[in-house]
Amino acid sequence: QVQLVESGGGLVQPGGSLRLSCVGSGFTFSNYVMRWYRQAPGKERELVATITSGGHVTYYADSVKGRFTISRDNAKKTEYLQMNSLKPEDTAVYYCNAYLDAGWRKWDYWGQGTQVTVSS
């Protein structure tokens with residue numbers, strides 16, 4: 001059974017930091033591109049950050065570039081999102097995603113989400 005379990009969300013003041021974690025099980029974690037998405041109330045889900053299977057290439061949305069850092073530990077089957085200098089507009093539910101495109105088939109798994117609230 002495939003599972004992605006996020007943790008680390010919570011309430012933080014503007015300018016603060018949080019570190020999200022996502023543990024995967026039931027699939028070969030090291031083969032998958034890992035991503036973080038977020039969805040704020042009344043808005044569409046947006047891609048925040050991506051990291052390739054080996055962890056050598058990363059991508060960030062312009063809105064978080066320079067503040068967020070995505071990483072992964074394939075031995076622990078875990079991806080992370082270090083969020084610094086948080087702003088109220090970062091408030092959202094953050095989702096972990098595992099994605100693999102083998103050409104003939106695609107796999108796409110999602111976690112349940114973790115709430116991040118940035119407020120004074």
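Computed from a prediction, not measured in an experiment: that's the story for all the values here.
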Trainee: Checking ring-ring contact (aromatic ring centres under 6.0 Å, His included) for the pair Y99/Y32: CA distance, chi angles, key distance, verdict?
Mentor: CA-CA 5 Å; Y99 180 78; Y32 283 67; 8.3 Å; no
Trainee: Is K65 atom NZ crowded by more than 12 heavy atoms from other residues, nucleotides or ligands, each under 6.0 Å away?
Mentor: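 More than 12 heavy atoms, drawn from other residues, nucleotides or ligands, come within 6.0 Å of this atom.
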Trainee: If I take atom CZ from residue F29 and atom CG from residue N74, how far apart are they, to the nearest 0.5 angstrom?
Mentor: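 These two atoms lie 5.5 Å from each other.
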Trainee: Apply side chain to side chain contact (heavy atoms under 4.5 Å, CB included) to the pair F68 and N84, showing each step before the final yes or no.
Mentor: CA-CA 6 Å; F68 290 12; N84 298 329; over 6 Å; no
Trainee: Is it possible for you to check whether R45 lies under 6.0 Å from the centre of the six-membered ring of W110, through NZ or CZ, and within 45° of that ring's axis?
Mentor: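 Yes - R45 lies over the ring of W110, closer than 6.0 Å to its centre and within 45° of its axis.
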Trainee: Under 3.5 Å, side chain of D73 to main-chain N/O of K76, donor-acceptor pair present?
Mentor: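 Yes: the side chain of D73 pairs with the backbone of K76.
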Trainee: Short question: side chain of E6, backbone of G113 - any donor-acceptor pair under 3.5 Å?
Mentor: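 Such a contact is found between E6 side chain and G113 backbone.
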Trainee: Same cluster or not: L18 versus I51, using hydrophobic residues (I, L, V, M, F, W, Y) connected whenever any side-chain heavy atoms lie under 4.5 Å apart?
Mentor: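 Shared cluster, yes.
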Trainee: Tell me if the aromatic rings of Y94 and Y37 count as close, with their centers under 6.0 Å from one another.
Mentor: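 So the answer is no for these two rings.
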Trainee: Would you check if the side chain of N97 reaches a backbone N or O of G111 as a donor-acceptor pair within less than 3.5 Å?
Mentor: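 Side chain of N97 to backbone of G111, a donor-acceptor pair under 3.5 Å: no, none is there.
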Trainee: Among R35, E79, K77, whose side-chain contact (heavy atoms from CB on, under 4.5 Å) with C22 holds?
Mentor: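 When side-chain contact (heavy atoms from CB on, under 4.5 Å) is applied between C22 and each of R35, E79, K77, only E79 qualifies.
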Trainee: Do other residues, nucleotides or ligands put more than 12 heavy atoms under 6.0 Å from the CD atom of E44?
Mentor: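 No, because the 6.0 Å sphere around CD of E44 holds 12 heavy atoms or fewer from other groups.
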Trainee: Please assess V93 against T114 for the test side chain to side chain contact (heavy atoms under 4.5 Å, CB included), listing each intermediate value before the final yes or no.
Mentor: CA-CA 5 Å; V93 178; T114 185; 6.0 Å; no
Trainee: Looking only at non-hydrogen atoms, find the nearest pair between S21 and W36 and report the distance.
Mentor: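 Answer, listing the atom of S21 first, then W36: O-CH2, 3.7 Å.
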Trainee: Dump the intermediate steps for side chain to side chain contact (heavy atoms under 4.5 Å, CB included) on L4 and V23, then the final yes or no.
Mentor: CA-CA 6 Å; L4 288 170; V23 180; over 6 Å; no
Trainee: So P88 and S119, do their side chains get closer than 4.5 Å, heavy atoms only?
Mentor: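 No, too far: nothing below the 4.5 Å cut-off.
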Trainee: Test side chain to side chain contact (heavy atoms under 4.5 Å, CB included) on D90 and R38 and set out the steps.
Mentor: CA-CA 9 Å; D90 294 318; R38 67 185 180 186; 2.9 Å; yes
Trainee: What's the shortest heavy-atom distance between S53 and S30, and which atoms?
Mentor: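 The answer is CB-O, 3.2 Å.
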Trainee: How close do M34 and C96 get, counting heavy atoms only, and between which atoms?
Mentor: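 Heavy atoms of M34 and C96 come nearest at CE-SG, 3.7 Å.
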Trainee: Under a 4.5 Å cut-off applied to non-hydrogen side-chain atoms, are V116 and L20 in contact?
Mentor: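 Result yes, sub-4.5 Å side-chain heavy-atom pair found.
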Trainee: How far apart are the closest heavy atoms of V64 and V48, and which atoms are they?
Mentor: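 That would be CG2-O, 3.7 Å.
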Trainee: Do T69 and Y60 have side-chain heavy atoms sitting under 4.5 Å apart?
Mentor: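 Yes. Closest side-chain heavy atoms under 4.5 Å.
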Trainee: Between R19 and Y80, is NZ or CZ placed under 6.0 angstrom from the six-membered ring centre and within 45° of the ring axis?
Mentor: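 Geometry flag: set, cation within 6.0 Å and 45°.
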Trainee: Give me the atom names and distance for the closest heavy-atom approach of A49 to L81.
Mentor: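 Minimum heavy-atom contact is CB-CD1, 4.2 Å.
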Trainee: Taking side chain as C-beta onward, heavy atoms only, is Y59 less than 4.5 Å from I70?
Mentor: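 They are not in side-chain contact.
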Trainee: Give me the atom names and distance for the closest heavy-atom approach of S85 to S17.
Mentor: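 Scanning both residues completely, I find the closest heavy atoms to be N-OG, 4.4 Å.
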